[in-house]
Structure formats: structure tokens, C-alpha cells
Amino acid sequence: MTFLRWKKNESLQVVVKVAIAFFVLCLLLTLHRYYSLYATYDQGIFNQLFWNGTRGHLFESSLSSALSTNVVHQNQLPSVSYYRLGQHFTPALMVWLPIYSLFPSPITLTVLQVTLITAAGLVLYALARHYLEPRLSATIVVSYYAANAVIGPTLGNFHDVCQIPLYVFGLLLAMEKRWWPLFGILATLILAVREDSGIVLFGVGAYMILSRRYPRTGLAVCILSFAYTIVLTNLIMPLFSADISQRFMMERFGQYADGDEASTLEILWGMVSNPGRLLNELFTPFFGKIRYLLGQWLPLALVPAVAPASWTIAGFPLLKLFLAKGESVLAINIRYAMTVVPGLFYGAILWWASRQQEEDRIRRGEQTILRFPNAIFPFPSSSRFRRFWAFCICLSLFFTFTSNPNRTFSFILPDAIAPWVQVPLVKQWQHVSQVRPLLAQIPANASVAATNTIVPILSSRREILRFPMFELRNDAGEAVKMDYVIADMWQLQQYQAAFSRERGQLQQIVPQIDRISKSGEYGIVGFEDGAILMRKGAVSNSESASAWASFRRQLAPILKQG
């Protein structure tokens, strides 16, 4: 518990050391996750977007196309020229395209993500120091690096929201310093992160109005962010595809719509016109949402729960999550949780600043009326509270580790207890060593269909799909089948006993392999440790085909399960 008691002149050193530790540990863990074949589809999508961007095909992706409403709902073929901007409008990614051009690899995105999130902590320290003494500022930064909502998303696939903490902390610092040109640049970048990041910016504008600090600027920010989001989602994104209204709005907010598709304006009207449904969605599941809030507040010793600015700024992205449906919106280990983080931490800074001022006045012997009972909300220098805060930070780290975010710690922790599912480190890397020779047989310019964990490895190419899909439209608009199919079923086999998702994937993949191999369309040219490699038009290798048949018999009981 003594790590919160460093001297004032040591605070910056502590921040730098913790930032370096965070960067190194997260980078090592994410690199291990990638190379051990635990990275998944989204890593492949973003890598293909960047790879296509370096070749002049900005925002095009066959992997994203496979998720489009044209494919999912209308049974059309995916296309290599599909623009992902119809699903998510993410022009801010192009800021990092020059870096990717120098190091064109999925690993570049992993390093970029860890770097951006680490850098955000350093900006947070500068923001905290605007109000607070060094030790308290450093403790807040330690809390940031220990937050489940920061660590969890960092250890996952690359995602666009990893830019949000850096941009928002920078925006708030620019506001405090009155660096308005920088404020404008960062506000623009925040809007460019995603089509829904205007909600985060709207929260900042609302704070500027309600705090009466910069009401005119705040009003302009609110109008800009709201208008941008509405115009973008209703007029601009539909120019690329119908995904925003036919798929994404319906998947998250379809409970407020009457038909099979809805625009953002129609969803907003559905919320306003049916307040009963709105309140029901806001508070259910009640304990699930309380648990989510506690997870967000924990590293800051629950202070955001009583910090008005935290509710003002973080309240809007939090409201978006609470009004949406789906299990992932309340998952603190994935990217959505990160949109709430900046508002919570800035609000905590302002709350502690007010407490620090009261403490200073008392030390000077000035009369003051305490706004908060000391027994419940101690001053920053309180040794009892320092111990409590240290306990909360440790507890946040414990819960983060035991939650095994994005299966990063699966080599240590079991993924399930009954039945027991745990894949030791040695076993993971033994499998990798057997799959790599199969991957090496696929030419860099060949089209390929690959299973979920193989997609990121092979995503630096124009034509790639997630198997069991294996046909798309090429640049000439022709329907073509992939040159290679590689399906790694080893990990699915390990997890299917406890997880229906993996079992369902096996039940889709294996019959498709049976069909295309028995038809003679694809030949089995390699099989190692549950991974099969097939080539279009090839004659099956007898030894590989025999190994596949033996493995196929092991899967027979699984395929018959409901």
C-alpha cells in the first residue's frame, strides 16, 4: 500500500515508469496473442483496410463486405471493392497510414494501439497537473493504467476507439489552456474516429455549457457534434451502403424501430415517443448495469460516482451503451468501454481539485463549510483513503486479470471450469509450429479463405474471406472462388466443449470442407494438428487426406450435437 506515498519530485518518474511498464507488458501480451493465433477477425479487417489504403484502395475491404447487409440479408457475394465507410465512418485512421506504409504488417497496428493508449496516460498526467499536486496527479494516472476499461480493450484486436482517450484528454487539456486552434483540431479528429464518436464530443460540449465556463463554445460543440452525427448517418454513410440503417442500427437499437430498417432519426424518435420502453432499456438488466458502473469507477476509488463532471461528460456515451441491446455493450473488456473512460477521469480530477482547495483553506485556518462529510469523502492527503484507493487499484488489476480479456491469459487461466478448458503455453506454441508450414505454402498474392484466427495472419492481400465463405466478386466484378482454403479447427476443438460459439463454427466449417473436397473442386494438400490446407483444382495428397479423415472421425460426435 506504500506505492501511493512517493515524494512530490518523484511523481513524474513514477508516471513514466508505470507508463513504460504498461506499454511493455501490453505489447508483449498482444504480440503473444497475435503470434499464438488468438487474434481474430477484426484485426484482419483493419489490417486489410490499411493494406488496401497503401495501394490506393482507401477503405475497401472484402472482409468487411462479408459482414454487409448485402451479404448477410440479401445473400449476395462479398466484393473486394466494398467501402467499409457504409458500416463505420473512420477517416481518422488515415492519419496513421504513413506509418503503416513504412511497416505494412498487422503487428504495426498492434504496436500503434498500445502506443496511443499509453500516450493518453501521459496527456492525462498533464491534464491532472493543471489542477492537482504531483502525487495526486500521478495516482490518477496509475488508476488509468490499472483500469479494466483501459487494459481490456488494449489487449484485444486493433480497434478505431483506441484513438479516443488520447484525443479527448488532449481536447480537455487544450480547453484548460485555452489553446483553441488545437481544441478545434482535436474536436475534428474525435468526430473522424467513428460515426458515433460525436456522442463523446457532445458530452464535452454539455460540460462546457453546464459548468458555465465556456457556454458559447460548448453550445457550438454540441450543435456541431449532433449535426455531424445526424448528417453523417442519414445522408453520407448511406451513399456507400445501406448497412447503417438495415444492419447496425437494427442490431443495436432495433427495439425502438417498427420495421426492418431505421435511420438514426427514426431511432431517436422511437426513443422519445416511447418513454416506457426507453426507461426499461435504461435500467435493465439492473444489476448488470450496476456491475458495469462499478467496474468503470473502481480504479478511481468510486469517486466518479459522486463527480458531477464525470456524469456530464461520460454520461452521454454511457447512455448510448445502456440504451443499446446485445451482450457486448456491457462488456468492459472491449472497445465500447473505452469511450466512457475520458469523462470519468476528467470528472474525478475536477472533484479532487475541489477537495484539495477545501483542504488547503482548512490548513490556512480559513473558515469553510465542508460540502462533503470527511468520514465518507476524505481529503486527498488522508492516509485511510490512500489505503482504500490502493486497494481499489489492486482490485481492478485482479478483476482484469481474472476476467481474461480477449483470452489473452488463456495460457495461464482456464477459460471454463466445468467442463475444464485450459490451453497451456507449450501446447499453444506447439500448434503454431505445426500450422506455420501450411501458411508458408500460400503465396502472398493468392486469394484465400481462412478461419477466424488465421484471417489476421493472411489479411495483407486484396482477396480474402472468412471460411466457410470462399467466393467473392473481384475487381472485374466477376464471381471467383479463392485459390486456397485454410481452416484451423484445433482451437475450436479445444473450446467447443464449453462454448457453443466454437461448437457452432465447427458445425459450419466441417460440412463445407466435406462438400468442396468431395466435389473435387479443392484438393487437400496439407493437414497438421487440426489445420487443413486446400488448393483449388489440386489433386489431394493421400497422406494429408488420410490425416483429415482420421481427424474428421474425432469430430463426428460434436457435429451431431444440437
Side-chain angles (χ1 to χ4, degrees), residues 11-31 46 50 90 92-100 102-103 107-132 134 137-177 179 181-194 197 200-201 204 299-300 313 335 337-346 348-349 400 405:
S11 298
L12 182 57
Q13 297 177 25
V14 169
V15 167
V16 172
K17 289 176 181 178
V18 172
I20 291 173
F22 177 88
F23 178 84
V24 171
L25 288 174
C26 287
L27 186 59
L28 288 175
L29 288 168
T30 49
L31 289 177
F46 283 104
F50 276 93
T90 56
L93 291 177
M94 293 302 100
V95 171
W96 314 109
L97 188 60
I99 295 175
Y100 183 89
L102 295 175
F103 310 99
I107 291 303
T108 300
L109 301 184
T110 297
V111 176
L112 175 62
Q113 176 161 288
V114 177
T115 301
L116 289 174
I117 295 172
T118 303
L122 301 178
V123 178
L124 173 62
Y125 180 72
L127 180 60
R129 284 291 292 116
H130 184 77
Y131 283 102
L132 306 174
S137 299
T139 306
I140 288 174
V141 175
V142 172
S143 301
Y144 167 82
Y145 288 126
N148 198 341
V150 173
I151 299 173
T154 304
L155 296 179
N157 299 319
F158 178 84
H159 55 85
D160 38 29
V161 182
C162 69
Q163 304 165 94
I164 286 290
L166 178 62
Y167 292 160
V168 177
F169 286 143
L171 179 90
L172 293 169
L173 181 61
M175 179 190 72
E176 296 294 355
K177 301 293 186 181
W179 298 334
L182 179 60
F183 183 94
I185 292 171
L186 290 170
T188 303
L189 286 172
I190 291 170
L191 292 176
V193 169
R194 277 171 61 106
S197 56
V200 179
L201 187 61
V204 176
L300 285 166
I313 299 176
R335 60 186 179 275
M338 200 168 272
T339 61
V340 181
V341 168
L344 296 182
F345 276 80
Y346 180 66
I349 289 171
T400 302

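Note that the numbering runs from 1 along the sequence shown for the chain. Keep in mind that what you see is a predicted model, and the values were worked out from it rather than measured.
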Practice problem: State, with a plain yes or no, whether a side-chain heavy atom of Thr30 is found less than 4.5 Å away from one of Val114. | Solution: yes

| message | When you measure from the side chain of Thr108 to the backbone of Phe103, do you find a donor-acceptor pair of N or O atoms at a distance under 3.5 Å? | response | yes

inquiry  = Looking at Tyr125, is its backbone amide N or carbonyl O close enough to the side chain of Ser137 to form a donor-acceptor pair, meaning the two atoms are under 3.5 Å apart?
reply    = no

Rounding to 0.5 Å, atoms OG1 (Thr110) and CG (Leu155) come to a distance of 11.0 Å

Looking at side-chain heavy atoms only, is the closest gap between Phe46 and Gln113 below 4.5 Å? no

Donor-acceptor check, side chain of Tyr167 to backbone of Ala120, threshold 3.5 angstrom: yes or no? no

Please check: side-chain N/O of Ser143 versus main-chain N/O of Leu300, any donor-acceptor pairing under 3.5 Å?
no

Within the structure provided, determine whether Lys177 and Leu182 are in side-chain contact (heavy-atom separation under 4.5 Å).
no

Any heavy-atom pair between the side chains of Leu189 and Val193 that's under 4.5 Å? no

Nearest heavy-atom approach of Met338 to Val150 is CE-O, 3.7 Å

- Query: Are side-chain heavy atoms of Tyr346 and Tyr131 found at a separation under 4.5 Å?
  - Reply: yes

inquiry  = Do Leu124 and Ile349 make a side-chain contact, defined as non-hydrogen atoms from C-beta onward lying under 4.5 Å apart?
reply    = yes

Contacts of Tyr144 meeting side-chain hydrogen bond (donor to acceptor under 3.5 Å, both in side chains) (sequence neighbours excluded), chain-then-number -> none

Hits for side-chain contact (heavy atoms from CB on, under 4.5 Å) against Thr188, two or more places apart or cross-chain, chain-then-number order -> none

Sequence neighbours excluded, the answer for side-chain contact (heavy atoms from CB on, under 4.5 Å) partners of Leu116 is Trp96, Leu112, Cys162, Gln163, Leu166

Of all heavy-atom pairs linking Val14 and Val142, the shortest is CG1-CG2, 4.5 Å

- Task: Determine whether Ile313 and Pro342 make a side-chain contact, defined as any pair of heavy atoms from C-beta on separated by less than 4.5 Å.
- Result: no

Pro165 vs Val341 side-chain heavy atoms within contact, under 4.5 Å
no

Quick note, salt bridge (Lys or Arg N to Asp or Glu O under 4.0 Å) partners involving residues 154-164, not counting sequence neighbours, are Asp160-Arg194

With sequence neighbours left out, the residues meeting side-chain contact (heavy atoms from CB on, under 4.5 Å) with Leu97 are Phe50, Thr54, Leu58, Met94, Ser101

All heavy atoms of Val123 vs all of Gly170, minimum pair found to be CG1-N, 3.7 Å

Residue set satisfying salt bridge (charged side-chain N to carboxylate O under 4.0 Å, His left out) with Arg335, at least two apart, ordered chain then number -> Asp42

